[in-house]
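In what follows, a structure is listed as structure tokens, so that the remarks can point back to it.
Side chains included, hydrogens not; waters and symmetry mates left out as well; all remaining heavy atoms used.
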Amino acid sequence: MINWKGVFPAITTKFTSDDQLDLKAFHANIKVQMEAGIDGIVIGGSLGEASTLTDAEKETLVKSTVEEVQGNIPVVLTIAEQSTRKAIEVAEAANDTGIKGLMVLPPMRYKADDRETVTFFKTIAGATDLPIMIYNNPIDYRILVTLDMFEELETCSNINAVKESSRDLTVVTKMINRFGDRFKILGGVDPLALESLTLGAHGWVAGLVCAFPYETVAIYRLVQEGRMEEALGIYRWFFPLLELDIHPKLVQYIKLAEAATGLGTEYVRAPRLMLTGEERHRVIKIIEDAMAERPALPTWEKISL
């Protein structure tokens with residue numbers, strides 16, 4: 001079982017200038033993430049440009065990530081499929097790969113109703129023993145997983161977490177009031193992360209962590225230790241960067257930040273294109289202004305939260 005707690009980067013997929021997987025850059029980023037103290041890693045998500053990857057490329061990313069982490073942190077694979085049949089195939093194939101958990105999105109393209117969405121999640125859960133985190137993001141994916149739907153999902157023992165990205169902070173309290181500790185809650189919106197954690201969220205599926213892992217981990221750990229003034233100081237510095245996570249071009253923005261911090265490259269896969277013109281200058285200025293005033297961070301010899 002995964003302890004759904006802590007910082008889980010939604011890692012970007014690195015590409016070369018000729019549109020091939022850049023495993024060297026991919027592994028280099030994961031290494032720094034682990035040195036910073038992340039608690040798990042999510043691959044093949046929206047930020048990972050999964051919709052543009054071939055099945056063979058996804059298999060390569062799974063294998064190389066599992067080999068890189070050497071069992072030190074859990075690797076979570078994203079399932080974002082149009083059909084239940086394909087989602088089941090992905091879940092079953094993940095069973096013997098070293099993957100430790102799944103993050104499952106609702107059906108893609110088709111706007112399923114509540115009954116269809118619950119059935120979709122239950123069917124996938126029945127195809128695997130792997131722990132599952134539901135991705136609740138009605139802003140981007142049009143389907144809201146309501147509290148009543150989570151009540152139906154309680155019967156699936158391996159559905160035990162939610163990446164909460166509805167942007168409604170009251171959901172954290174409502175989930176805890178209704179279900180207690182049954183579902184672990186991980187905040188999924190970077191510029192609402194501190195608020196989610198202080199309301200009781202157990203962790204943070206983060207985006208800007210890809211470029212700023214130490215700052216992200218520091219905020220989480222400081223909150224857990226009750227050192228709110230220190231956490232707020234870092235969070236307020238971080239906030240203009242964190243807002244890059246809620247733009248339709250979050251992939252390009254975060255990859256530009258990774259390039260600026262030496263933790264990746266700008267290369268994206270079409271139909272995405274690298275930033276140009278005024279938009280590029282604006283994002284670079286946000287990144288450079290933040291890097292010019294990067295805060296000093298506390299250090300921990302060893303921490304287990």
Side-chain angles (χ1 to χ4, degrees), residues 1-11 30 33-34 38-48 50 58-59 61-63 65-81 84 86-107 117-137 141 145 147 149-165 171-172 175-176 178-188 196-197 200-206 209 220 304-305:
M1 296 295 290
I2 292 180
N3 182 14
W4 295 102
K5 188 175 182 180
V7 175
F8 284 64
I11 207 75
I30 291 175
Q33 300 291 333
M34 293 178 67
I38 62 168
D39 301 279
I41 192 165
V42 180
I43 62 172
S46 305
L47 191 52
K58 291 177 183 178
E59 291 173 9
L61 286 177
V62 167
K63 182 179 179 180
T65 305
V66 170
E67 290 176 351
E68 180 67 26
V69 306
Q70 291 290 304
N72 289 303
I73 57 172
V75 179
V76 178
L77 176 65
T78 305
I79 293 182
E81 300 295 340
T84 304
K86 179 63 175 177
I88 290 172
E89 289 176 5
V90 175
E92 291 177 339
N95 285 332
D96 300 317
T97 61
I99 289 293
K100 297 300 183 184
L102 303 171
M103 181 173 76
V104 182
L105 280 68
T117 302
V118 168
T119 301
F120 179 78
F121 288 141
K122 282 186 172 182
T123 304
I124 296 169
T128 180
D129 292 327
L130 290 172
I132 290 174
M133 173 169 60
I134 301 297
Y135 188 4
N136 188 26
N137 186 345
Y141 301 116
V145 187
L147 270 70
M149 293 163 72
F150 273 108
E151 186 168 318
E152 293 188 64
L153 296 173
E154 275 192 291
T155 59
C156 301
S157 61
N158 59 332
I159 297 180
N160 41 42
V162 56
K163 177 184 176 183
E164 171 48 44
S165 299
V171 171
V172 176
M175 286 286 292
I176 294 171
R178 186 155 174 179
F179 301 110
D181 206 37
R182 169 63 180 82
F183 297 104
K184 294 295 190 296
I185 304 165
L186 287 83
S196 296
L197 291 170
H202 304 86
W204 179 2
V205 179
V209 67
Y220 171 76
S304 179
L305 294 171

ask   = Heavy-atom distance under 4.5 Å between the side chains of Lys5 and Tyr220, does that happen here?
value = yes
query = If every non-hydrogen atom of Asn136 is compared with every non-hydrogen atom of Glu164, which pair is closest and at what distance?
reply = ND2-OE1, 3.1 Å
query = To the nearest 0.5 Å, what is the distance between CG (Leu186) and NE2 (His202)?
reply = 8.5 Å
inquiry  = Please give me the minimum heavy-atom distance between Asn95 and Ala127, naming the atom from each residue.
reply    = ND2-O, 3.9 Å
With sequence neighbours excluded, residues passing salt bridge (charged side-chain N to carboxylate O under 4.0 Å, His left out) with Arg178 = Asp148, Glu151
key: Interatomic spacing from CE in Met133 to CD1 in Ile79 - rounded to 0.5 Å   = 12.0 Å
remark   = Rounding to 0.5 Å, atoms OG1 (Thr119) and CD (Glu152) come to a distance of 8.0 Å
message = Working to the nearest 0.5 angstrom, can you tell me the gap between Ile124 CD1 and Leu105 CG?
response = 9.5 Å
query = Between Phe8 and Val76, what is the shortest heavy-atom contact and its length?
reply = CE2-CG2, 4.2 Å
ask   = Any side-chain heavy atom of Ile2 within less than 4.5 Å of one from Lys184?
value = no
Separation of Glu59 CD from Leu61 CG (nearest 0.5 Å) = 10.5 Å
query = Run the side chain to side chain contact (heavy atoms under 4.5 Å, CB included) check on Lys163 and Asn137 step by step: do they pass?
reply = CA-CA 8 Å; Lys163 177 184 176 183; Asn137 186 345; over 6 Å; no
Value rounded to 0.5 Å, distance of CD1 in Ile30 from CD1 in Ile41 = 4.0 Å
ask   = Do Phe121 and Val145 come within less than 4.5 Å of each other through their side chains, counting heavy atoms only?
value = yes
message = Which heavy atom of Phe183 sits nearest to which heavy atom of Ala161, and what is that distance?
response = CD2-N, 4.3 Å
ask   = Is there a side chain to side chain contact (heavy atoms under 4.5 Å, CB included) between Phe179 and Val162 once you walk through the steps?
value = CA-CA 12 Å; Phe179 301 110; Val162 56; over 6 Å; no
ask   = Given the rule in the side chain to side chain contact (heavy atoms under 4.5 Å, CB included) test, do Met103 and Thr78 qualify, once you have shown the distances and angles that lead to the verdict?
value = CA-CA 5 Å; Met103 181 173 76; Thr78 305; 3.5 Å; yes
task = Taking all heavy atoms of Pro9 and all of Gln33, pick out the closest pair and write down the distance.
result = CG-OE1, 3.5 Å
task = Flag yes if more than 12 heavy atoms outside Asp129 fall under 6.0 Å of its CG atom; otherwise flag no.
result = no
note = When Leu102, Leu130, Ile132 are each screened for side-chain contact (heavy atoms from CB on, under 4.5 Å) with Asn158, the one that passes is Ile132
request  = Considering non-hydrogen atoms only, spot the tightest contact between Ile176 and Ile185 and give its length.
outcome  = CG1-CD1, 3.8 Å
ask   = Can you tell me if Thr128 uses its side chain to pair, donor with acceptor, with the backbone of Glu92 under 3.5 Å?
value = no
request  = Report yes if the side chains of Leu153 and Lys122 come closer than 4.5 Å at any heavy-atom pair, otherwise no.
outcome  = yes
request  = State whether the number of non-hydrogen atoms from other residues, nucleotides or ligands found under 6.0 Å of Lys100 atom NZ is greater than 12.
outcome  = no
task = Taking the side chain as every heavy atom from C-beta outward, state whether Phe150 and Ile134 have any pair of such atoms under 4.5 Å apart.
result = yes
inquiry  = Is the shortest side-chain heavy-atom distance between Leu77 and Val90 below 4.5 Å?
reply    = yes
